[in-house]
Amino acid sequence: MRDLSRLLNPSSIAVVGGGAWCRDVLKQAAKFNPDVTLYPVHPSLKEIEGIRVYPSVKNLPDPPDATFVGINRDATIGVVERLRKLKAGGAVCFASGFSEMQNEDSAGSDAQARLLKAAGDMPVLGPNCYGFVNALDRKVIWPDQHGCQPVERGVAILTQSSNIAINLTMQKRGLPIAYMITCGNQAQLSQAEIALALLDDPRVTAIGLHIEGFQDLSAWQELAETADQLGIPLIGLKVGKSDQAKAATVSHTASLAGADAGAQALMDRCNIARVDDLPTFLETLKLAHFVGRLKTNKIASISCSGGEASLVADQALNYGVAFPPLANHQHSALRDVLGEKVALANPLDYHTFIWRDAQAMGKSWAAMAQGDASLAFSIVDFPRDDVCDPADWDCAVEAATIARKLSDKPFAMVATLPELMPENTIADLTANGVVPMLGLSETLGAVEALSRLGNGDIDPVSEPSIFTSYKTLTEADAKAELAKFGVATPQLRTVSDVESLREGASDLAFPVVVKAVGLAHKTESAGVVLNCKNIEEACIAASEMPHDGPFLVEEMVTSGVELLIGVVNDPPHGLLLTLGAGGVLTELLDDSTSMLLPVGREAIEKALFKLKTAKVLSGYRGSDPVDIERIVDTVLSIQDYVLHNRDVIAEVEVNPLICTPTGAIAVDALIRKGTQ
């Protein structure tokens with residue numbers, strides 16, 4: 001790990017270049033902290049922004065703690081090398097034209113390699129990077145305006161997009177941003193390594209990661225383990241689900257976006273709570289800052305409107321949250337305050353009988369927080385203060401403050417729309433320990449995300465391999481290899497042609513399946529015939545195929561639930577295990593879940609019961625349940641095979657695995673091996 005302390009909390013900042021971006025760095029640094037020493041560097045200018053200019057970094061009176069290098073690509077490399085030799089604290093490289101341009105400029109990757117060599121062990125952010133804002137120590141290297149305010153503690157946000165970073169600093173949601181760091185190309189410092197360094201700062205309460213692609217799995221592993229030990233929530237907004245987003249990711253940062261299933265599995269393994277949009281990202285970070293991880297997904301909601309109670313109940317169906325029923329002591333406390341006219345439930349509509357009575361409101365809100373929920377909140381929308389008198393809503397802020405003091409649980413106030421909570425109200429709530437949440441959907445998303453975060457050991461992931469060529473085994477060879485590791489397969493024979501089929505497969509138990517060997521997409525190509533009841537039917541089936549041989553003949557498993565078990569080598573995420581509905585309807589049913597290897601028995605069982613197919617596995621409408629233990633054994637056997645051969649395995653698939661009350665049989669198998 002590199003020491004980033006001088007770079008991210010510099011006492012002296014050098015700015016190399018004289019353009020508008022460099023001038024803005026000087027202005028923003030001086031504006032945020034007038035005590036920072038600034039060293040403009042330019043070969044011909046005498047002063048910039050009224051500050052003395054030095055002709056070269058070699059002429060500086062002291063090695064700078066941090067340097068903004070705002071000149072062209074090739075000149076940047078020379079300056080970085082000189083800074084390293086001066087023992088500077090680190091650099092922000094603003095220039096583009098490095099590996100993010102590799103599809104357009106073959107010199108980009110070469111320039112990035114030369115930059116890394118020039119930097120050595122000196123920390124470098126970027127290239128193609130805006131810099132950072134450290135609002136804790138009021139230190140900033142930022143070639144633009146920003147909206148950060150000084151804070152004493154708060155969340156850190158890391159993003160590969162400078163424009164998104166600028167926009168996030170302008171939020172008015174009451175989220176204290178301690179660090180805003182743009183990572184650029186991550187030529188040297190990866191997002192995970194930067195985040196790991198921030199965990200050394202006890203003032204950081206949560207870390208938000210806007211991720212375009214993963215690099216260096218070992219660094220992500222270490223980040224996950226350290227954050228887990230410190231109890232610091234990691235929140236991730238991962239882009240790259242769509243083909244368009246993947247293409248943009250490659251051209252923008254040269255990151256490997258990979259399959260989204262792999263990204264999700266890696267985030268699950270690293271205990272990173274994933275959200276899908278920027279508003280939920282910010283609200284989740286805010287809830288994490290004030291509350292931390294949530295032990296459960298149970299919430300309590302109170303509002304003075306039946307419409308809002310119904311709205312939150314309906315919207316909760318889209319999120320993994322639950323409303324626990326009210327306990328007896330909650331019924332008693334609420335009845336004492338609200339009387340007999342209010343129907344008590346969670347979510348609760350307490351009507352408007354007690355509106356403006358802050359004490360009564362506070363007591364009823366506190367009663368909602370004293371149950372089995374991990375978070376209680378009141379839904380309150382405030383009027384526009386430019387055309388309305390907001391004084392009638394002062395009672396709500398007072399009531400929330402009372403509820404927070406009377407309860408030992410976290411308490412929030414939620415505006416259904418973000419614009420319906422003024423900044424001064426946000427500040428008042430925050431000052432009194434109440435979490436101001438903006439947007440009902442965003443709040444539910446935040447609760448779901450934070451309740452997914454686990455506690456305990458972070459299992460290691462298997463590093464993927466990069467292959468240059470591939471070889472696909474025959475089905476018979478694939479089944480033979482898997483059988484050595486305990487996977488049950490049908491009895492089978494491989495014969496060269498129709499004539500040899502009559503004698504070579506006569507000892508099999510009928511009915512049998514006849515398959516064309518080496519024919520891709522056998523079902524679509526009429527290369528498989530089921531339920532051949534005798535040798536004559538098998539020979540006829542083979543002769544009518546668009547294929548002269550060889551043929552695979554195997555004993556048919558006549559009934560059972562069909563599952564898919566697959567493992568793919570998925571750079572950059574690892575070895576990705578997928579469990580799903582199997583057979584010819586795999587794509588149509590779209591019923592699957594993925595995890596990174598290695599996995600244990602308990603995790604496999606949980607994954608199986610996440611599937612829609614789980615209802616059939618457990619026995620549906622009078623059918624017998626299948627042998628779950630045999631299914632899990634089969635998955636573990638496939639895992640053993642993959643891990644034993646991890647250096648060459650590109651893909652393993654069993655589809656279908658036919659599952660019955662007494663076993664699990666791999667009736668079709670594919671293995672693709674790669675060479676590096």
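- Interatomic distance, N297 CG to S374 OG, rounded to the nearest 0.5 Å: 8.0 Å.
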In residues 429-441, what donor-acceptor pairs under 3.5 Å come from side-chain atoms, sequence neighbours left out?
from	atom 1	to	atom 2	distance (Å)
T430	OG1	I426	O	2.8
N432	ND2	D428	O	2.8
S441	OG	Q315	OE1	2.8

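- Atom CD of E308 and atom CG of L348 lie 12.0 Å apart (nearest 0.5 Å).
- Under 4.0 Å is where a charged nitrogen must lie from a carboxylate oxygen, and between R293 and D228 at least one such pair does.
- Residues L8 and K139 are not in side-chain contact: their nearest non-hydrogen atoms beyond the backbone lie 4.5 Å or more apart.
- Using a 4.5 Å cut-off on side-chain heavy atoms (C-beta onward), N167 and L278 make no contact.
- Looking at D349 and H351, their side chains come closer than 4.5 Å, going by heavy atoms from C-beta outward.
- You'll find the side chain of M180 reaches within 4.5 Å of the side chain of W142, heavy atoms only.
- For T613, the side-chain hydrogen bond (donor to acceptor under 3.5 Å, both in side chains) partners are D591, not counting sequence neighbours.
- Scored by the side-chain contact (heavy atoms from CB on, under 4.5 Å) test, P390 finds P383, D385 as partners (sequence neighbours excluded).
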Derivation and outcome, side chain to side chain contact (heavy atoms under 4.5 Å, CB included), residues N271 and L234: CA-CA 7 Å; N271 211 15; L234 302 177; over 6 Å; no

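- For N328, the CG atom sits in a loose shell: 12 or fewer heavy atoms of surrounding residues, nucleotides or ligands are nearer than 6.0 Å.
- F411 is not listed as a side-chain neighbour of F290, based on a closest heavy-atom distance of 4.5 Å or more.
- Listed for the Q160 side chain is no donor-acceptor partner under 3.5 Å among the backbone atoms of C183.
- Side-chain atoms of L657 and V635, non-hydrogen and from C-beta on, never get closer than 4.5 Å to each other.
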Criterion side chain to side chain contact (heavy atoms under 4.5 Å, CB included) on L564 and L579, from CA distance to verdict: CA-CA 6 Å; L564 173 146; L579 307 176; over 6 Å; no

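- Between the S310 side chain and the G307 main chain, no donor and acceptor come within less than 3.5 Å of each other.
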Stepwise side chain to side chain contact (heavy atoms under 4.5 Å, CB included) check, W220 with R269: CA-CA 10 Å; W220 286 101; R269 182 63 66 93; over 6 Å; no

Working for side chain to side chain donor-acceptor pair (under 3.5 Å), residues S451 and T296: CA-CA 5 Å; S451 65; T296 71; over 6 Å; no

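- Nearest heavy-atom pair across S364 and L338 is CB-CD2, 4.2 Å.
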Table please: side-chain donor-acceptor pairs of residues 144-156 below 3.5 Å, with sequence neighbours left out.
from	atom 1	to	atom 2	distance (Å)
D144	OD2	Y130	OH	3.0
H146	ND1	C148	N	3.1

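- The distance from the CD1 atom of I272 to the CD atom of Q264 is 10.0 Å, given to the nearest 0.5 Å.
- Between F609 and S618, the shortest heavy-atom contact is CE2-OG, 3.3 Å.
- E283 contributes no side-chain N or O that, together with a main-chain N or O of T443, makes up a donor-acceptor pair within less than 3.5 Å.
- Without hydrogens or angle criteria, Q639 side chain to V599 main chain gives a donor-acceptor distance under 3.5 Å.
- Here the NE2 atom belonging to H289 is positioned 13.5 Å from the CD1 atom belonging to I235, to the nearest 0.5 angstrom.
- No donor-acceptor distance shorter than 3.5 angstrom exists from the side chain of R274 to the backbone of G236, with no hydrogens or angles considered.
- Each of L563, L608, I628 was evaluated against C659; a single residue qualifies, L563, per the side chain to side chain contact (heavy atoms under 4.5 Å, CB included) test.
- At least one side-chain heavy atom of L444 sits less than 4.5 Å from a side-chain heavy atom of I299.
- Ion pairing of E629 with R601 is present here, as a side-chain N (NZ or NE/NH1/NH2) and a carboxylate O approach within less than 4.0 Å.
- One distance of note links CG of L577 with OG of S594; it measures 7.0 Å at 0.5 Å rounding.
- N346 places no side-chain N or O within donor-acceptor distance of the main-chain N or O of L326, the cut-off being under 3.5 Å.
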Check against side chain to side chain contact (heavy atoms under 4.5 Å, CB included), Q370 and D408: CA-CA 8 Å; Q370 295 296 351; D408 59 355; 3.5 Å; yes

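- Ion pairing between D137 and R203 holds under the 4.0 Å rule for side-chain N and carboxylate O.
- Taking the side-chain contact (heavy atoms from CB on, under 4.5 Å) definition, one finds that P661 meets it with D624, sequence neighbours left out.
- W365 and A400 make their closest contact through CZ3-N, 3.5 Å (heavy atoms, listed as atom of the first residue, atom of the second, distance).
- Side chain of E448 to backbone of V321: no donor-acceptor contact under 3.5 angstrom is found.
- Looking at heavy atoms from C-beta onward, L199 lies in side-chain contact with L223 at the 4.5 angstrom threshold.
- In plain terms, the two heavy atoms of A396 and V380 that are nearest each other are CB-CG1, 4.0 Å.
- In terms of heavy atoms, F323 sits closest to S301 at CE2-CB, 4.1 Å.
- Shortest non-hydrogen contact noted between L168 and I177 is O-CD1, 3.7 Å.
- T280 is linked by a side-chain hydrogen bond (donor to acceptor under 3.5 Å, both in side chains) to D277, counting only residues two or more places apart in sequence or in another chain.
- In this structure, CG in D372 is found 6.5 Å from NZ in K409, a value given to the nearest 0.5 Å.
- A distance-only check finds a donor-acceptor pair linking the side chain of Q191 to the backbone of L158 [under 3.5 Å].
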